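Chain A is the first sequence line, chain B the second, and so forth, proteins listed ahead of strands; every chain is numbered from 1. All of these numbers come straight from a predicted model, not from anything done at the bench.
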Protein chains: 2
Amino acid sequence: MESTNLIPEECGRTLRPVRDALDVLNGKWKLPIIVALTFGEKRFGEIAKEVHGITDRMLSKELRDLELNGLVKRNLYDTYPAKVTYTLTAHSQTLYEVIESLRKWGELHRKKMVSDDK
Amino acid sequence: MESTNLIPEECGRTLRPVRDALDVLNGKWKLPIIVALTFGEKRFGEIAKEVHGITDRMLSKELRDLELNGLVKRNLYDTYPAKVTYTLTAHSQTLYEVIESLRKWGELHRKKMVSDDK
DNA sequence: CAGGATCCCATAGGATACTG
DNA sequence: CAGTATCCTATGGGATCCTG
């Protein structure tokens with residue numbers, strides 16, 4: 001929590017990369033989709049089942065977006081019937097820390113909200 | 001990066017807190033505002049200057065939102081002219097890890113994008 | 001200076017239906 | 001099963017102007 005030892009000029013140097021990251025990760029679904037894929041190769045319908053509430057349209061759109069950003073790989077198996085899966089790329093696996101810190105904070109925040117409501 | 005040792009049932013247990021966190025932090029401006037306040041108590045105009053591109057309306061709106069969520073404290077100094085500052089709360093200081101991981105990933109991602117474009 | 005009020009637009013996101 | 005197409009609404013976010 002030692003944030004006060006940072007000099008003011010550093011503010012911009014922190015803000016820029018944070019905003020870079022948010023530009024790519026922002027939205028309701030991108031990180032949840034990546035989380036789901038963290039647990040292994042998955043098909044369209046499997047992701048949809050894990051990420052509760054997402055519609056086909058959004059999943060399709062976000063997967064395409066993530067693929068364009070090099071965060072997700074689409075794998076087409078030439079079998080019959082054709083099979084499609086999605087996996088993380090090496091690059092999106094570097095998101096591990098981001099997801100872990102969000103998970104931890106989300107748990108903390110929920111606890112706080114519950115105790116505040118009392 | 002040892003994500004593969006996680007069992008499938010854990011997927012939901014990771015997804016829920018991540019989505020809880022995103023519900024509160026989502027949007028273009030909330031985290032950048034918090035980052036700016038990480039560097040100390042700041043007035044409205046000072047935040048606006050640090051967080052490039054934000055409009056008064058959005059800053060006002062987001063500060064209110066963050067205050068409601070217990071992430072930012074509004075301090076009214078009873079001087080003349082009246083002075084208002086914003087500071088982080090103890091709770092938002094627990095976001096330090098989230099911000100740090102986003103900062104690191106943002107830097108990594110930018111490097112990757114640059115080298116990909118070549 | 002700190003923001004609220006208003007107006008407007010673009011995009012995120014949802015519902016439903018449909019196809020290879 | 002794995003999406004696409006359409007249509008719709010809600011919200012995020014910008015521009016501008018106004019006030020204590």
Side-chain angles (χ1 to χ4, degrees), chain A residues 15 18-37 39-69 71-88, chain B residues 15 18-37 40-69 71-88 102:
Chain A
L15 267 169
V18 167
R19 292 186 63 181
D20 283 347
L22 290 179
D23 282 343
V24 186
L25 303 174
N26 216 354
K28 189 174 176 179
W29 302 115
K30 292 193 184 66
L31 281 171
I33 289 169
I34 291 173
V35 169
L37 292 177
F39 294 87
E41 177 174 21
K42 285 197 169 63
R43 309 179 64 163
F44 190 91
E46 291 174 324
I47 306 176
K49 229 179 305 169
E50 308 258 29
V51 182
H52 306 297
I54 195 168
T55 60
D56 288 353
R57 195 182 83 89
M58 285 309 294
L59 181 51
S60 166
K61 190 171 155 294
E62 298 290 62
L63 282 172
R64 232 177 301 141
D65 212 57
L66 290 169
E67 200 186 351
L68 279 175
N69 274 297
L71 296 176
V72 158
K73 182 165 187 315
R74 183 181 194 270
N75 314 289
L76 179 57
Y77 289 84
D78 198 11
T79 57
Y80 186 81
K83 182 181 163 186
V84 182
T85 68
Y86 294 90
T87 44
L88 293 188
Chain B
L15 268 169
V18 167
R19 292 185 64 180
D20 283 347
L22 289 179
D23 282 343
V24 186
L25 303 174
N26 215 354
K28 189 173 176 179
W29 303 115
K30 290 194 186 63
L31 281 171
I33 289 169
I34 291 174
V35 169
L37 292 177
E41 177 173 21
K42 284 198 170 58
R43 309 180 62 165
F44 189 91
E46 291 173 325
I47 305 175
K49 230 179 304 170
E50 309 258 30
V51 182
H52 306 297
I54 195 168
T55 60
D56 288 353
R57 194 182 86 89
M58 284 312 292
L59 182 50
S60 166
K61 189 170 154 299
E62 297 291 61
L63 282 172
R64 233 177 300 140
D65 213 57
L66 290 169
E67 200 187 349
L68 278 175
N69 274 298
L71 296 176
V72 158
K73 182 165 187 314
R74 185 181 193 268
N75 314 288
L76 178 57
Y77 289 83
D78 197 11
T79 56
Y80 187 80
K83 183 181 162 186
V84 181
T85 69
Y86 294 89
T87 45
L88 294 188
L102 276 173

Interatomic distance, A:E46 CD vs D:dC1 C1' [rounded to whole Å]: 11 Å
Check against side chain to side chain contact (heavy atoms under 4.5 Å, CB included), B:L25 and B:K30: CA-CA 6 Å; B:L25 303 174; B:K30 290 194 186 63; 5.5 Å; no
Sub-4.0 Å heavy-atom contacts from residues 60-68 of chain B onto DNA chain C, ordered by number: B:S60, B:R64
Nucleotide D:dT4, atom C1' - distance to CG of A:L59 in whole Å: 13 Å
Spacing of A:I54 atom CD1 relative to D:dG3 atom C1', expressed in whole Å: 13 Å
Phosphate-side-chain proximity, A:Y86 and D:dG3, N/O vs OP1/OP2 below 4.0 Å: yes
Spacing between B:N26 atom CG and C:dT11 atom P, to the nearest angstrom: 17 Å
Nearest-Å distance for atom pair CZ/C1', residues A:R57 and D:dC7: 10 Å
First encountered from the 5' end of DNA chain C, between A:K28 and A:D56: A:K28
Nearest listed nucleotide, side chain of A:R43, among C:dG14, D:dA15, D:dC1: D:dC1
Among C:dA15, D:dG13, D:dG3, the one nearest B:W29 by side-chain distance: D:dG13
Euclidean distance, atom OH of residue B:Y80 to atom C1' of C:dC1 [Å, nearest integer]: 11 Å
Side-chain N or O of A:R74 closer than 4.0 Å to phosphate OP1/OP2 of D:dG3: yes
Interatomic distance, B:K83 NZ vs C:dG3 P [rounded to whole Å]: 13 Å
Euclidean distance, atom CE of residue A:M58 to atom P of C:dG13 [Å, nearest integer]: 5 Å
Per A:F44 side chain, nearest of listed nucleotides D:dA2, C:dA2, D:dG13: D:dA2
A:F44 side chain near A:L63 side chain, heavy-atom distance below 4.5 Å: yes
A:V84 side chain, from C-beta outward: closest of D:dG13, D:dA2, C:dA2: D:dA2
